[in-house]
Number of protein chains: 2
Amino acid sequence: MSAQSPLHMTEQRRVILEELRKVRSHPTADKIYTRVRRRMPRISLGTVYRTLDLLAAQGMIRKIESAGTRRRFDGTVEPHYHIRCLECGRIADLPPGEMPGLEAHFRNQTDYDVVGHTLELLGTCPACRKDRTEGKDVGVRPASEQ
Amino acid sequence: MSAQSPLHMTEQRRVILEELRKVRSHPTADKIYTRVRRRMPRISLGTVYRTLDLLAAQGMIRKIESAGTRRRFDGTVEPHYHIRCLECGRIADLPPGEMPGLEAHFRNQTDYDVVGHTLELLGTCPACRKDRTEGKDVGVRPASEQ
DNA sequence: TTGGTTGCAAAGTCTTTGCAGACAT
DNA sequence: ATGTCTGCAAAGACTTTGCAACCAA
């Protein structure tokens with residue numbers, strides 16, 4: 001959750017962090033693996049997973065555990081929501097900041113102590129909207145671009 | 001997404017639906033499997049998965065694909081949010097209804113067409129709060145009750 | 001008979017982990 | 001030396017699927 005012992009910024013870790021920060025998409029571990037391997041062909045997927053967990057634990061990146069899809073990672077740590085395209089799976093950032101009054105709205109509706117929330121918008125991205133107006137029947141594409 | 005061909009309400013399907021509706025918890029497929037097996041010892045886990053998918057596709061139950069946890073199912077189809085206990089994983093229903101103005105709030109913040117959202121509150125359930133005031137160090141229990 | 005349904009086992013997908021060797025301090 | 005980190009392969013957790021037998025219309 002919070003920063004721990006000073007972490008050894010090894011070559012692998014540095015490259016993984018760089019590659020994640022370089023993209024504005026929200027890649028899965030294996031997409032990152034593919035990119036990193038271009039620079040470090042011998043790196044293993046296990047190292048990628050371990051490093052991503054580690055960086056997230058240090059607060060240097062964020063895990064996106066989006067409902068019903070596989071885990072993705074986000075090089076931007078400033079709190080912000082995401083919107084996911086229901087057709088292609090692409091995830092985009094919304095501007096930083098929380099929805100005002102959201103948790104307060106629910107405080108008196110539950111006997112739990114409310115300490116946080118997850119919110120994800122769902123929609124159609126510009127590319128898929130365009131495909132649709134062009135009459136392309138893309139069906140539901142696998143959530144696996146970039 | 002919506003109701004399809006009239007489905008054969010076989011014994012297996014009826015029992016699975018009954019068992020799910022009988023509980024107010026939000027069980028995983030294998031919890032349902034365990035319960036159903038008490039009445040139909042020869043049923044397979046594969047059938048349980050297939051049936052739950054089918055019932056969800058028919059709109060008779062709901063899938064809960066909660067961020068970062070395994071899939072659960074909900075016998076209540078009326079739209080409502082959930083709150084999940086971060087300590088024990090228990091999921092409770094919030095009263096039916098959507099947060100007013102939520103999607104509208106984001107419409108001008110994205111170039112996606114907004115068509116929906118997922119929202120999950122996070123918190124501490126009454127049982128875990130009690131454990132804590134009693135000084136029990138339960139750590140993070142696996143999200144696997146009921 | 002025809003097409004849907006089931007149990008079973010196997011396969012699949014995504015992620016974590018044990019281990020021995022490599023590396024850094 | 002000592003403890004950390006890595007690649008590799010295997011294991012794990014959860015879910016889906018191929019298939020032959022089965023069942024209902």
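Naming: A, B, ... by sequence-line order, numbering from 1 per chain. This one's a predicted model, so the numbers in the text were calculated from it and none came from an experiment.
- For the side chain to side chain donor-acceptor pair (under 3.5 Å) test with A:Glu19, the passing option among A:Arg37, A:Lys31, A:Arg14, A:Arg39 is A:Arg39; the others fail.
- When side chains are defined from C-beta on, B:Arg90 counts as touching A:Tyr112, because their heavy atoms get closer than 4.5 Å.
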Dump every N/O contact between nucleotides 20-23 of chain C and the protein below 3.5 Å, one line per pair.
none

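- Position along DNA chain D of the nearest nucleotide to B:Arg71 versus A:Arg13 favours A:Arg13 as the more 5'-ward residue.
- Phosphate contact (OP1/OP2 of C:dG7, side-chain N/O of B:Arg50, threshold under 4.0 Å): absent.
- Taken over five-pair windows at either terminus, the axes of the helix from C:dT1-D:dA25 to C:dT25-D:dA1 are inclined to one another by 20° (rounded to 10 degrees).
- Distance alone, capped at 3.5 Å, places no donor-acceptor pair between the A:Thr76 side chain and the A:Glu78 backbone.
- Taking side-chain N and O atoms only, A:Arg70 has a distance below 4.0 Å to OP1 or OP2 of C:dT15.
- Taking atom OH of B:Tyr49 as the reference point, atom P of C:dA11 lies 19 Å away to the nearest angstrom.
- The nucleotide range of DNA chain D contacted by chain A, defined by atoms under 4.0 angstrom from heavy atoms of the protein and reported 5' to 3', is D:dT4 to D:dC8.
- Taking atom NZ on A:Lys63 and atom C1' on C:dT15, their separation rounds to 10 Å, with Å as the unit.
- To the nearest 0.5 Å, the span separating CZ on B:Phe73 from CD1 on B:Ile32 amounts to 6.0 Å.
- Counted within 6.0 Å of CZ on B:Arg107, heavy atoms from surrounding residues, nucleotides or ligands total more than 12; the atom is thus considered enclosed.
- Side-chain polar atoms of B:Glu120 and A:His117 form no donor-acceptor pair below 3.5 angstrom.
- Note: A:Tyr33 and A:Tyr49 fail the aromatic proximity criterion, with ring centroids not under 6.0 Å apart.
- Among B:Arg62, B:Lys63, B:His82, the single residue meeting the side chain to side chain donor-acceptor pair (under 3.5 Å) criterion with B:Asp74 is B:His82.
- Each of A:Pro41 and A:Leu54 has a nearest nucleotide on DNA chain D; the 5'-most of these lies closest to A:Leu54.
- Checking side-chain atoms of B:Thr51 against main-chain N and O of B:Thr47 turns up a donor-acceptor pair under 3.5 Å.
- Of all heavy-atom pairs spanning A:Ile16 and A:Val48, the tightest one is CD1-CA, 3.9 Å.
- Regarding B:Glu65, its CD atom lies at a distance of 15 Å from the C1' atom of C:dC14, rounded to whole Å.
- Between B:His8 and C:dT5 there is a side-chain polar atom (N or O) within less than 4.0 angstrom of OP1 or OP2.
- Atom CG in A:Leu45 sits roughly 9 Å away from atom P in C:dT15 (whole-Å rounding).
- Per the geometry, CG belonging to B:Leu52 stands 12 Å off P belonging to C:dT6, to the nearest Å.
- A:Asp30 has its CG atom 17 Å from the P atom of C:dG12, to the nearest Å.
- Checking side-chain atoms of A:His26 against main-chain N and O of A:Arg72 turns up no donor-acceptor pair under 3.5 Å.
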